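Quick caveat: nothing in here was measured; it's all calculated off a predicted structure. To find a chain, count down the sequence lines: A is the first, B the second, and so on, and within it residues start at 1.
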Protein chains: 2
Amino acid sequence: MAAKQHRMTRQRRIILETVKGLKTHPTADEVFGLVRKKLPRISLGTVYRNLELLTEQGIIQKLDTAGQQKRFDGDISPHSHVKCVKCGKIDDLYFELPKPSAAWAGQTRFKILEYKVELLGICPDCQKKMEQN
Amino acid sequence: MAAKQHRMTRQRRIILETVKGLKTHPTADEVFGLVRKKLPRISLGTVYRNLELLTEQGIIQKLDTAGQQKRFDGDISPHSHVKCVKCGKIDDLYFELPKPSAAWAGQTRFKILEYKVELLGICPDCQKKMEQN
DNA sequence: CTATGTGCAAACTATTTGCCGTCTG
DNA sequence: CAGACGGCAAATAGTTTGCACATAG
């Protein structure tokens, strides 16, 4: 039952600093690209392993907003996200969540753990692209 | 600009009937398995192509609730979903969405198209499995 | 010291696509 | 009978993993 001992390796520290230092919501590949500037020999596998580990530890979060690539967020304070339906980019929204209603839970035999508001939209860049047509 | 002409092939019809006939939210692979009972020679590629096409036409919907496999839903009436965090299974919830607040949109330059409530939970089967430990 | 972590490459999973023969409208 | 479609297999994209060596504590 003893929690596994984790070491703060150079790779792990830099991955963490990188994700925490971003205002964006990078994919594993984007993190890889940035971290490689400081550690040219790091491997993509290491990035994946560490993003996963840091997520398990609750130090960063993995966004569950589908798409083909997963995105990560260094900001673990409670907030919601809007996702661009065109390019998948994500923006933050901070607001009080509407109260969950007991009526919701009554409809399902699932045990509800948490809920959040998911928004879909179009980011400024993609809006521009659309106007140009 | 002319919309492409789509044909109702046997494959497309059976895929559609299958998805519409289910109360579940099948993955492409599950649809493939079911359809193959009626059309043993159908290919997985065809299933993917048709699920995509039917989704574009708005006849079925593709669920955006992350995970590794995408799920489809023959029910296109407005409703929300709970996803099991253990096995990815999905259940339906029908309720009035809380009104979007103007304050939300003011925080982002994204143009908001739609929003929905996403719930996470544990399905009855997984609850059982957990009790057995 | 020693178990955890890394780099590398291969494996895997889900999905997409090119090609060419088939079939719908 | 033309163009949309399907079967097949190969290609792709994203992520995971086995292994042997490196290194944090």
Side-chain angles (χ1 to χ4, degrees), chain A residues 1-19 25-57 59-72 87-88 90, chain B residues 1-19 25-57 59-72 83 87-90:
Chain A
M1 212 58 196
K4 213 193 261 185
Q5 200 56 35
H6 292 298
R7 297 170 182 173
M8 185 48 67
T9 59
R10 209 159 15 121
Q11 290 84 335
R12 185 162 301 155
R13 181 169 42 76
I14 294 188
I15 288 170
L16 178 55
E17 286 170 2
T18 299
V19 175
H25 306 76
T27 59
D29 216 64
E30 288 165 355
V31 174
F32 177 54
L34 291 168
V35 170
R36 201 160 39 166
K37 291 181 185 169
K38 299 197 174 174
L39 296 174
R41 305 197 47 84
I42 198 173
S43 79
L44 186 53
T46 297
V47 172
Y48 272 106
R49 273 186 287 234
N50 279 298
L51 288 173
E52 195 57 45
L53 183 73
L54 293 167
T55 298
E56 275 166 24
Q57 297 182 152
I59 302 176
I60 65 173
Q61 62 171 324
K62 177 156 62 175
L63 302 183
D64 212 25
T65 55
Q68 54 290 41
Q69 287 180 239
K70 283 166 193 156
R71 289 177 177 274
F72 295 84
C87 70
I90 289 177
Chain B
M1 211 62 193
K4 211 195 263 186
Q5 200 55 34
H6 293 300
R7 295 173 183 171
M8 185 47 67
T9 58
R10 207 157 20 121
Q11 289 84 337
R12 185 161 302 155
R13 182 169 43 75
I14 294 186
I15 288 170
L16 178 55
E17 284 169 2
T18 300
V19 175
H25 305 77
T27 60
D29 216 64
E30 287 166 355
V31 175
F32 177 55
L34 290 169
V35 170
R36 201 159 38 164
K37 290 182 186 168
K38 298 198 175 174
L39 297 175
R41 306 198 45 86
I42 198 171
S43 78
L44 186 53
T46 297
V47 172
Y48 272 106
R49 272 187 286 236
N50 279 297
L51 288 173
E52 195 56 46
L53 184 72
L54 292 168
T55 298
E56 275 166 25
Q57 296 182 155
I59 302 176
I60 64 174
Q61 62 171 322
K62 177 156 63 176
L63 302 182
D64 213 25
T65 56
Q68 53 290 45
Q69 287 180 241
K70 284 168 194 155
R71 289 177 177 275
F72 295 83
K83 185 176 76 167
C87 69
K89 210 176 298 158
I90 290 176

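- Atom CZ of Arg41(B) and atom P of dG21(C) are 16 Å apart (whole Å).
- Within 6.0 Å of the CZ atom in Arg10(B), the count of heavy atoms belonging to other residues, nucleotides or ligands does not exceed 12.
- Scanning atom types as modelled, no donor and acceptor separated by under 3.5 angstrom connect the side chain of Arg7(B) and the base of dG6(D).
- Residue Gln69(A) contributes atom CD, which lies 4 Å from atom P of dG14(D) at whole-angstrom precision.
- Five base pairs at each end of the helix from dC1(C)-dG25(D) to dG25(C)-dC1(D) define two local axes, and these are offset by 40° (rounded to 10°).
- When rounded to the nearest whole Å, the span between CZ of Arg13(A) and C1' of dT23(D) equals 14 Å.
- Within 4.0 Å of Asn50(A), counting heavy atoms only, lie sugar-phosphate atoms of the nucleic acid but no base atom.
- Computed from coordinates, the Leu16(A) CG to dG5(C) C1' distance equals 16 Å when rounded to whole Å.
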Begin with the C-alpha distance, continue with both residues' side-chain angles, and end with the deciding distance and a verdict on side-chain contact (heavy atoms from CB on, under 4.5 Å) for Phe32(B) and Arg36(B). CA-CA 6 Å; Phe32(B) 177 55; Arg36(B) 201 159 38 164; 3.5 Å; yes

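- Taken from OG1 in Thr18(B) to CG in Leu34(B), the straight-line distance is 6.5 Å, to the nearest 0.5 Å.
- Side-chain contact between Lys83(B) and Arg71(B): absent, with no pair of heavy atoms (C-beta onward) separated by less than 4.5 Å.
- With rounding to whole Å, Gln5(A) atom CD is found 15 Å from dT23(D) atom C1'.
- In this structure, Tyr48(B) places its OH atom 5 Å from C1' of dT15(C), rounding to the nearest Å.
- At a threshold of 4.0 angstrom between heavy atoms, the contacts of Ile42(B) are confined to the sugar-phosphate backbone, with no base atom among them.
- The CZ-C1' distance, from Arg49(A) to dT4(C), rounds to 11 Å in whole Å.
- For Thr27(A) and Thr46(B), each mapped to the nucleotide of DNA chain D holding its nearest heavy atom, the one lying further toward the 5' end belongs to Thr46(B).
- Counting only heavy atoms from C-beta outward, the side chains of Ile90(B) and Leu63(B) approach each other to under 4.5 Å.
- With the nearest nucleotide of DNA chain C identified for both Phe72(B) and Met8(B), Phe72(B) has the one nearer the 5' end.
- In terms of phosphate contacts, His6(B) brings no side-chain nitrogen or oxygen within less than 4.0 Å of OP1 or OP2 of dA4(D).
- Summarising the geometry, the separation between CD on Gln11(B) and C1' on dG7(D) is reported as 9 Å, rounded to the nearest angstrom.
- Residues Arg12(B) and Leu16(B) fail the side-chain proximity criterion, which asks for heavy atoms closer than 4.5 Å.
- For Lys70(B), the side-chain atoms get nearest to dT16(C) when compared with the rest of dT6(C), dG7(D), dT16(C).
- The side-chain heavy atoms of Thr46(A) and Thr9(A), taken from C-beta on, include no pair separated by under 4.5 Å.
- Thr9(A) has no side-chain polar atom (N or O) that falls below the 4.0 Å cut-off from OP1 or OP2 of dT4(C).
- Of the two residues near DNA chain C, Arg12(A) and Arg10(B), the one whose nearest nucleotide lies more 5' is Arg12(A).
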